[in-house]
Amino acid sequence: MEHTEKLRHIPKVDRLLEEPEIKEMLKSLPRRHVVLRIQAQLEELRKGILEGKTKEVSYDLLKDRILIELKKAKKPRLVPVINATGVVVHTNLGRSPLPQRLIEDLFDIACGYSNLEYDLSLGKRGNRFTHVEGILKELTGAEAATVVNNNAAAVLLALDTIAKGKEVIVSRGELIEIGGSFRIPEVMKRSGAKLVEVGTTNKTKLSDYEQAITSETGLLLKVHTSNYKIIGFTQSVEGEKLVELGRRYSIPVMEDLGSGCFVDFSQFGYEKEPTVQEVVAQGVDIVTFSGDKLLGGPQAGIIVGKREFVEKIRKNQLARALRIDKLTLFSLEWILRLYLDQQKALETIPTLQMITAPYENLLKKAKLMLKKIGIKDSPNFSISLKEGSSKVGGGALPALNLKTALISIAPKRLKIQDMEEFFRNYDPPIIVRVEKDSIVMDVRTILEKDQDKVVEAIKKLALIG
Ligand SMILES: *Cc1c(COP(=O)(O)O)cnc(C)c1O
């Protein structure tokens, strides 16, 4: 009985549409859209009443809730966030930020027509990958190159082209899963290739590969273990040896490098990762890697290697479904051009800048931010500077800890979860690291343009409650 009484108090859509604030919204949002959102809120209310959760119907509360929903609807869902996690190539946060100048240059391509698939010298139809093939060949020393939507697509396409219906030999230590459930065995299944595992998790020898070769073998595959590392009693086969084995049996060799980089990071004292050039020089027939991991460019999958295979890959019908779009292609070419001068690449590409930032600079940055915040102690929290470590992310250099400066915020009146939520719901959202007794912000990944916003957010946190 009481329910029916409450249900009768639910306002009509038309009444809400007459509210001045909602009327204002109708100027910038389609009427249908507004009506749907009001209806959804009314439905929510109805459900609450029927389940006995809603004690009373408050018209003002309902109106406020609708206005909040409508304001949200006016904004895009995909918004910029501030990465204070210290993971440089953070897949959940969009991996590599692009240089601002690139985006300025992108303007004309985005807002107009381009020679995407048009050969200006011949006045005839052309191919989109030609815009980056020359520079990729120059940078890697490969005979041929092509690009697709992402590295997962590159691996799938290469396997489908070269090993469909055949056996592919892979070391057990390289049957990896990377984030987003990209699993080598699954990708293999999709491509119609048959996986043949050899060796053990920690040790695989050249003879293991050789013994598994049959008349059905179509490919020897090496996969970068990306996000994990086996330490201790380990052995894997170098690309060079695998290439030699492949040559002896006339079986092509492919390497999925995952991150893939042109810069040798051992010059910064980091552990040695093979560069793309080095892997190509070993004679590997097909090498695939991402555009937006260590390379610091847009999402893309890059395939370089022997002409014979790259040409087959291009002609595969699947290639059309996995192709790269023009905005990405332009961005990729722009980034690749920087690598012609490595120093320039290191200075211009944000991902590389962040990975190689010296600790002294990070410390300076953190101190400056603390000074601007100007609070050491508030009733809500206490704030301090700490030393810690950042990660490269993106499955690159997983064992590497980069020494960094952290702004540590320890709770007093507030709870850790409340502080994390405050920053996450901030405009723009700030994604922080939650530790046992504090939240920390790693200054390494806080971009120059965002530093003052973070300072403001922390000042506001001091005022709430
Ligand atoms: C990241 C990664 C992939 C997938 O690359 P995307 O560009 O994310 O599609 C494939 N293989 C390895 C080894 C990787 O590290």
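All of these numbers come straight from a predicted model, not from anything done at the bench. Counting starts at 1 for both ligands and their atoms, following the listed order.
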Peer 1: Of all the atoms in ligand 1, which lie at a distance below 4.0 Å from a heavy atom belonging to Ser290?
Peer 2: 5 (O), 6 (P), 7 (O)
Peer 1: Between ligand 1 and Ala152, is the shortest N or O to N or O distance under 3.5 Å?
Peer 2: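 N/O-N/O distance below 3.5 Å exists for this pair.
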Peer 1: Show me which atoms of ligand 1 lie under 4.0 Å from any heavy atom of His224.
Peer 2: 13 (C)
Peer 1: Is Gly258 close enough to touch ligand 1? Criterion: a residue heavy atom under 4.0 Å from a ligand atom.
Peer 2: yes
Peer 1: Of the listed options (Val155, Asn150, Ile302, Asp256), which comes nearest to atom 12 (C) of ligand 1 when hydrogens are ignored and any heavy atom counts?
Peer 2: Asp256
Peer 1: With heavy-atom distances below 4.5 Å as the criterion, would you say the side chains of Thr275 and Val263 are in contact?
Peer 2: no
Peer 1: Are Ser259 and Glu273 packed together at the side-chain level, in the sense that at least one heavy-atom pair is separated by less than 4.5 angstrom?
Peer 2: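 Heavy-atom side-chain distance check fails, nothing below 4.5 Å.
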Peer 1: Within the 4.5 Å heavy-atom criterion, are Thr214 and Val196 side-chain neighbours or not?
Peer 2: no
Peer 1: Are any of the N/O atoms on Asn151, whether in the backbone or the side chain, positioned under 3.5 angstrom from an N/O atom of ligand 1?
Peer 2: yes
Peer 1: Below 30° counts as parallel, above 60° as perpendicular, anything between as tilted: where do the rings of Tyr270 and Phe265 land?
Peer 2: parallel
Peer 1: With only distance considered, is Lys293 within less than 3.5 Å of ligand 1 through an N or O on each side?
Peer 2: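 Yes, since at least one N or O of Lys293 sits under 3.5 Å from an N or O of ligand 1.
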Peer 1: How far does CG of Leu400 sit from OG of Ser390, to the nearest 0.5 angstrom?
Peer 2: 9.5 Å
Peer 1: Do any heavy atoms of Arg95 fall under 4.0 Å from ligand 1?
Peer 2: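 Judged by the 4.0 Å heavy-atom criterion, Arg95 does count as contacting ligand 1.
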Peer 1: Do Thr328 and Asp325 meet the criterion of a side-chain donor-acceptor pair at a distance under 3.5 Å?
Peer 2: yes
